[in-house]
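Fair warning: this is a prediction, and the values are worked out from it, not measured in the lab. The figures that follow rest on heavy atoms only: side chains count, while hydrogens, waters and symmetry mates do not.
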Amino acid sequence: MKTVLINCSPKGNAQNCNTKIICEAFVRGMQSPCDILCIAGSDIHELVRMIEAYDAVIYVLPLYIHGMPGIMMELIQHLRPSMGDGKAMGFIIQAGFIETQQHKYIEPYFASLTRRLNYNYLGTVSKGEAAGIYMFPWLFKKVLRQFSRLGSRYEQLWCFDQTIISALEKPYELSRFKVGILQFLCESGLNDIGWHHELKKNNAYDKRLDRPFFF
């Protein structure tokens, strides 16, 4: 089955693009790596024609405060239903939210979209707490190995491995103990160390309390 991954991040092929890193990890586990295409920088009509040439398409996207990227929404508006049966479509979500229950609301939409486009639904893979992948790659080695295993199993089975999906989506919901730890980190300021480092690196630390909107 000829498969393509669609990088749906506005960052495209930038080195600090977590979606790009996940796409590369997914194909790393394959004997014959599938193609990766980016929405960013592509002609939307040409990209649609290219997608239609594949038997299966997997959209890999960041979730921004419960919303998919605008460039992905634009692409969806241009997609056309498959004229034949047997084509497949799946989705991989990465987001900064720790709990993957935050992602679950979008899965019914993806399932419905797949049916309307006359594709078979491969499912949706969710990974939370992924915002730091490019900043702290050594902390996410296990996660990226799981994505590589997911790609390897996909190549063998032409579907997503449910065991790997279950491992990636943990934690679905934080326990009270973990919520307490997170609350302590936030109140003590320890949770901001990495974020403040990025702000200082980009000369934005002194603007961290700016308010762009007033009510």
*Going from CD1 on I164 to OG on S152, what distance comes out if it is rounded to the nearest 0.5 angstrom?*
8.0 Å

*asked:* Is there a path of hydrophobic side-chain contacts, each under 4.5 Å between heavy atoms, that joins I92 and I51?
replied: no

*Sequence neighbours left out, what passes side chain to side chain contact (heavy atoms under 4.5 Å, CB included) with K20? Give chain and number order.*
N7, N13, Q15, C17, E24

*With no hydrogens and no angle check, is any side-chain donor or acceptor of N118 less than 3.5 Å from a backbone partner on S82?*
yes

*So which heavy atom on Y59 is nearest to which on C8, and how close?*
CD2-SG, 3.8 Å

_Measuring from atom CG of L168 to atom CD of Q146, what distance do you get when rounded to the nearest 0.5 angstrom?_
4.5 Å

*Regarding Q156 and R153, is there a side-chain donor-to-acceptor distance under 3.5 Å anywhere?*
yes

*Sort and list the pairs that fulfil salt bridge (Lys or Arg N to Asp or Glu O under 4.0 Å) and have at least one residue in residues 40-63, not counting sequence neighbours.*
E46-R49, E52-R80

*Please round to the nearest 0.5 Å and tell me the distance separating atom CD1 of I58 and atom CE of M89.*
11.0 Å

_NZ-CD1 distance between K127 and I133, expressed to the nearest 0.5 angstrom_ = 7.5 Å

*With sequence neighbours excluded, what pairs up with T3 under the side chain to side chain donor-acceptor pair (under 3.5 Å) test?*
Y154

_Rounded to the nearest 0.5 Å, what separates atom CD1 in I44 from atom CD1 in I39?_
6.0 Å

_Looking at every non-hydrogen atom in both residues, tell me the closest pair between S9 and A40 and how far apart they are._
O-CB, 3.8 Å

*Once the angle between the rings of F97 and H103 is folded into 0 to 90°, is it parallel (under 30°), tilted (30 to 60°) or perpendicular (over 60°)?*
tilted

*Between CD1 of I6 and CE of M72, what distance do you get to the nearest 0.5 Å?*
9.5 Å

*Is a side-chain donor or acceptor of S148 paired with a backbone partner of A25 at a separation under 3.5 angstrom?*
yes

*Are the aromatic ring centres of F147 and F26 under 6.0 angstrom apart?*
no

*Same apolar cluster: Y105 and V125, side chain cutoff 4.5 Å*: no

*same_hphob_cluster(V4, W158) at 4.5 Å side-chain heavy-atom cutoff*: no

*asked:* I'd like to know if the side chain of T100 reaches the main chain of E169, judged simply by a donor and an acceptor atom lying under 3.5 Å from each other, with no hydrogens or angles considered.
replied: yes

*Write down the atom of T124, the atom of Y121, and the distance for their closest heavy-atom approach.*
OG1-OH, 2.6 Å

_Minimum heavy-atom distance Y64-P69, with the two atoms named_ = CE1-CG, 4.0 Å

_Over all atoms of both residues, closest heavy-atom pair of L47 and C38_ = CD2-O, 4.1 Å

*Examine L122 and L75 and state if one hydrophobic cluster contains both, with Ile, Leu, Val, Met, Phe, Trp and Tyr joined whenever side-chain heavy atoms are less than 4.5 Å apart.*
no

*Heavy-atom count around M1 CE within 6.0 Å, excluding the residue itself: above 12?*
yes

_So which atom in K11 and which in Y134 form the shortest heavy-atom distance, rounded to 0.1 Å?_
NZ-CE2, 4.4 Å

*asked:* Less than 4.5 Å apart, side chain to side chain, heavy atoms only: is that true for N18 and F140?
replied: no

*Is any side-chain heavy atom of F91 less than 4.5 Å from a side-chain heavy atom of M68?*
no

*asked:* If hydrophobic clusters are built from ILVMFWY residues whose side chains come within less than 4.5 Å, do L5 and L61 share one?
replied: no

*Within the distance-only criterion (no hydrogens, no angle test), does the side chain of S112 pair as donor or acceptor with the backbone N or O of P108 below 3.5 angstrom?*
no

_Test side chain to side chain contact (heavy atoms under 4.5 Å, CB included) applied to V57 and Y119, step by step_ = CA-CA 10 Å; V57 55; Y119 279 69; 4.1 Å; yes

*With K104 as reference, evaluate E107, Q102, Q101 under the side chain to side chain donor-acceptor pair (under 3.5 Å) test and give the passing residue.*
E107

